Structures are given as structure tokens and as C-alpha cells.
Amino acid sequence: ETMNETLETAVVSGRGRVLPAAEEALMQQHLREENLPEAVLPACPVNRVLKGQKALVTGANSGIGRAVALALAHAGADVVVNYVSRPEAAEEVVREARRCGARVYAHRADVSKEAEVEAMFRRMVGEFGTIDILVNNAGLQRDAPVDEMSLADWRFVLDVNLTGQFLCAREAIREYKRRGVRREVSCAAGKIICMSSVHEVIPWAGHVNYAASKGGVMLMMKSIAQEVAPHRIRVNSVCPGAVRTPINMEAWGTPEAYRELMKLIPYKRIGEPDDIGRAVVWLASDESDYIHGASLYVDGGMTLYPGFETGG
Ligand code: BGC
């Protein structure tokens with residue numbers, strides 16, 4: 001009872017999970033310099049819309065994956081925290097998610113390895129009985145000019161970002177088809193949410209392996225969505241813009257970099273991991289039941305061709 005009360009009044013994001021002072025100051029200072037209104041981060045009540053559902057989040061020990069795992073736990077889901085390195089970071093996410101009353105454990109698996117993915121799903125079905133929500137999040141960058149990019153770096157990024165999503169989606173679909181719909185849990189037999197990027201449509205010089213992987217995620221997601229829809233399996237993507245995580249620290253770590261970054265973001269603030277967490281919770285819940293095969297951009301308008309604000 002007490003736990004439920006605290007959960008109902010808790011906030012997932014914004015003022016509830018306060019930004020480090022330096023980061024907040026940098027964000028607001030930029031807006032003052034530009035004579036723009038202060039940025040207010042949302043403080044949303046937690047609704048337990050995923051109560052009892054079983055979720056797997058890949059790459060959940062840092063960045064967006066971590067925020068997604070915690071948002072799902074706040075929304076009432078039991079969560080598997082997948083990771084490949086830094087087990088202590090995964091355990092920290094597990095500890096924090098357990099405070100929501102969720103069943104949680106960490107599982108090490110390289111999503112680009114078929115046998116490791118199969119074993120991860122086998123264990124999850126063993127421990128939790130089934131899976132309702134897959135968040136295909138694990139992803140990375142290995143940047144280089146195209147003529148200097150090694151085949152190893154090309155393959156590594158495609159293996160993790162694209163093949164990894166395929167392998168996990170395949171296992172989830174097998175379980176969703178086997179089990180079917182349980183109407184007391186969800187309208188759908190299962191949900192898959194792919195973590196894509198604005199770079200599924202925005203070309204990105206110096207990042208051809210990454211952009212190719214996300215372009216691939218777009219049509220992989222949509223083709224799977226078309227194929228499995230009759231089985232009541234719902235498949236969508238979230239496409240983050242620039243979100244404050246370790247992957248792009250050089251784009252927001254200094255005032256100069258932050259100022260440059262804001263030229264690409266009409267909403268004039270960097271994304272926070274919780275912005276993505278909330279979108280994933282909604283896409284995983286029955287509130288979005290008729291949304292299928294969609295790429296949901298969560299990007300502060302980055303895909304609006306901000307260069308045309310003044311040009312053209
Ligand atoms: C990349 C980030 C980048 C963002 C916007 C993401 O997919 O991983 O490094 O800041 O797109 O360009």
C-alpha cells in the first residue's frame with residue numbers, strides 16, 4: 001500500500017530526477033543568451049500501465065537503455081536488464097528498478113551472437129514465464145570518414161545495431177506466436193520497440209556504418225510489422241534525436257558544442273533519456289494499441305530540416 005502511494009506520486013523525469021546542476025545551467029544559459037524562454041522538463045505522474053508485463057531491454061546498463069528499463073519498471077513491468085560489458089552498471093539499474101517493486105535481473109549477452117540471444121530468451125521464459133515487451137535498444141557508433149573506415153568497424157556496427165535487433169525480434173516473435181493474446185495482460189500478443197534514430201532518414205557524413213544500420217532498422221521494423229500484424233504482434237520504432245548520453249558526449253559536453261547542437265534542434269533543448277523512456281512506455285502500452293509499423297521521432301524537431309529556418 002505504502003509502496004503504491006509513493007509510486008503514484010513519484011515522477012519519472014524532469015524536476016523529479018534532477019539534472020546535474022552544471023548541465024541544467026548550460027542548457028538554461030544558452031536559452032538566456034538567445035533570448036528564449038527557459039526550458040522546463042516534464043514532471044509526469046507515473047501510471048502503472050504495464051502492470052505485470054514482462055519486458056526485455058537490450059543495452060540497458062547505460063544511456064537510453066537504462067532510462068527505458070527504469071521507465072518500464074516504474075510503469076509496473078518486470079524487467080530483464082541486458083548488457084554486454086560493465087556488469088556493475090547493470091546491477092545498479094537492477095537495484096534501482098527493484099525499488100519500483102519490479103522483478104528484475106541482469107543478463108549478459110552479446111545481441112549479435114545467435115546462441116547468446118537464444119539463451120537469453122530461454123532464461124527469460126524460464127524465470128518470468130514469457131515476454132510481453134522487447135525493447136531492441138543495444139547500439140553503438142564507430143565513426144570514421146568513409147575512406148578510412150575499416151571493414152571491421154563497418155561490420156561491428158551493422159552486427160550490433162541491425163543483426164542484433166533481428167536476432168532478438170525473431171526470438172520474441174517465436175514466443176509471441178506460441179503464447180498468443182492474454183486479454184487480461186494486453187490487447188496484443190506482444191510488442192517490439194526498435195530503438196532507431198533520426199539517422200534512419202537523416203544522412204550522416206562520417207557515420208556511414210551507423211546511418212546504414214538505422215536505415216536498415218527502419219525497413220526491417222516495417223517489414224516485420226507488416227508480416228506479424230495478423231498475429232496481433234505490434235512492432236514500432238522510437239527514433240531519438242540528440243539525447244544526453246555517453247554516446248554523443250562531444251556534442252553536448254562544452255558550451256561551444258552545445259551551441260552548435262542547438263542549431264539542429266528547433267525545440268532548443270537537448271533530449272533527456274527520460275524523454276525516450278516515456279515514449280517507449282506509451283508505445284508498449286495498450287494506450288497506443290492501433291499504432292503499428294510507425295517510426296516515432298522523439299527529437300525536438302531535428303527532422304524538420306532546421307537549416308531552412310533561415311535559408312531556402
Ligand atoms: C546518435 C547521436 C547523435 C544523434 C543526433 C543519434 O542516433 O547516436 O550520436 O547525437 O543521433 O544526431
Side-chain angles (χ1 to χ4, degrees), residues 19 23 26-27 30 39 57-68 83-85 111-112 135-146 149 153-165 193-221 236-280 283 294-309:
L19 273 182
E23 293 172 0
L26 180 56
M27 177 170 83
H30 172 78
V57 184
T58 64
N61 62 341
S62 85
I64 288 174
R66 174 181 195 281
V68 165
Y83 69 97
V84 68
S85 59
V111 294
S112 71
V135 184
N136 256 336
N137 169 79
L140 46 83
Q141 292 181 212
R142 280 285 184 286
D143 311 327
V146 62
M149 186 174 286
D153 278 355
W154 169 268
R155 282 206 176 120
F156 185 46
V157 169
L158 270 290
D159 277 357
V160 174
N161 295 14
L162 184 56
T163 306
Q165 291 211 15
I193 296 157
C194 297
M195 201 54 67
S196 185
S197 164
V198 292
H199 297 297
E200 73 168 41
V201 290
I202 301 180
W204 205 13
H207 309 260
V208 297
N209 47 1
Y210 184 83
S213 76
K214 296 302 186 180
V217 165
M218 175 175 66
L219 277 183
M220 180 196 71
M221 181 280 286
N236 292 285
S237 286
V238 170
C239 305
V243 175
R244 193 195 301 276
T245 73
I247 210 174
N248 58 0
M249 197 136 42
E250 80 224 26
W252 53 262
T254 66
E256 301 70 48
Y258 192 83
R259 197 173 321 115
E260 280 306 302
L261 182 62
M262 287 308 110
K263 293 183 185 161
L264 300 176
I265 305 177
Y267 202 53
K268 300 298 176 207
R269 74 163 171 85
I270 192 170
E272 301 298 340
D274 286 337
D275 289 315
I276 309 304
R278 289 190 308 276
V280 169
L283 266 186
S295 288
L296 176 61
Y297 294 93
V298 184
D299 68 348
M302 204 172 216
T303 37
L304 296 175
Y305 297 95
F308 280 79
E309 245 173 69

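All values derive from a computational prediction rather than experimental measurement. Each ligand, and each atom within it, is numbered from 1 in the order the structure gives. Side-chain atoms are counted along with the backbone in the values below, which use heavy atoms only and exclude waters and symmetry mates.
If you check which protein heavy atom lies closest to atom 5 (C) of ligand 1, you get His199 NE2, 3.5 Å. Protein heavy atom nearest atom 10 (O) of ligand 1, with residue, atom name and distance: Asn248 ND2, 3.2 Å. In terms of protein heavy atoms, atom 9 (O) of ligand 1 is closest to Gln141 OE1, 2.6 Å. Among protein heavy atoms, the minimum distance from atom 6 (C) of ligand 1 is reached at Tyr210 OH, 3.5 Å. Looking only at heavy atoms of the protein, atom 3 (C) of ligand 1 is closest to Trp204 CH2, 3.7 Å.
The shell of residues lying under 4.0 angstrom from ligand 1, judged by heavy atoms, includes Gly241. Residue contact annotation: His207 has no non-hydrogen atom under 4.0 Å from ligand 1.
If you check the side chains of Ser213 and Asn161, you find a donor sitting under 3.5 Å from an acceptor.
A perpendicular orientation is assigned to the rings of Tyr210 and His199, their planes being inclined by more than 60° (bins at 30° and 60°). Note on ring orientation: taking the six-membered ring where Trp is involved, the planes of Phe308 and Tyr305 are perpendicular (angle over 60°, cut-offs 30° and 60°).
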Quick one: do Met218 and Ser237 satisfy side-chain contact (heavy atoms from CB on, under 4.5 Å)? Show the steps, please. CA-CA 8 Å; Met218 175 175 66; Ser237 286; over 6 Å; no
Quick one: do Ile202 and Thr303 satisfy side-chain contact (heavy atoms from CB on, under 4.5 Å)? Show the steps, please. CA-CA 7 Å; Ile202 301 180; Thr303 37; 4.0 Å; yes
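Close contacts of ligand 1 with Met302, meaning ligand atoms under 4.0 Å from a residue heavy atom, involve 5 (C), 12 (O). For ligand 1, the atoms closer than 4.0 angstrom to any heavy atom of Ser197 are 6 (C), 7 (O), 11 (O). Within ligand 1, the atoms closer than 4.0 Å to a non-hydrogen atom of Ile247 are 8 (O), 9 (O), numbered from 1 in the order shown.
Between Arg244 and Asp275 no salt bridge is recorded (no basic side-chain N to carboxylate O distance below 4.0 Å).
At distances below 3.5 Å, at least one donor-acceptor pair connects side-chain atoms of Asn209 with backbone N or O atoms of Arg142.
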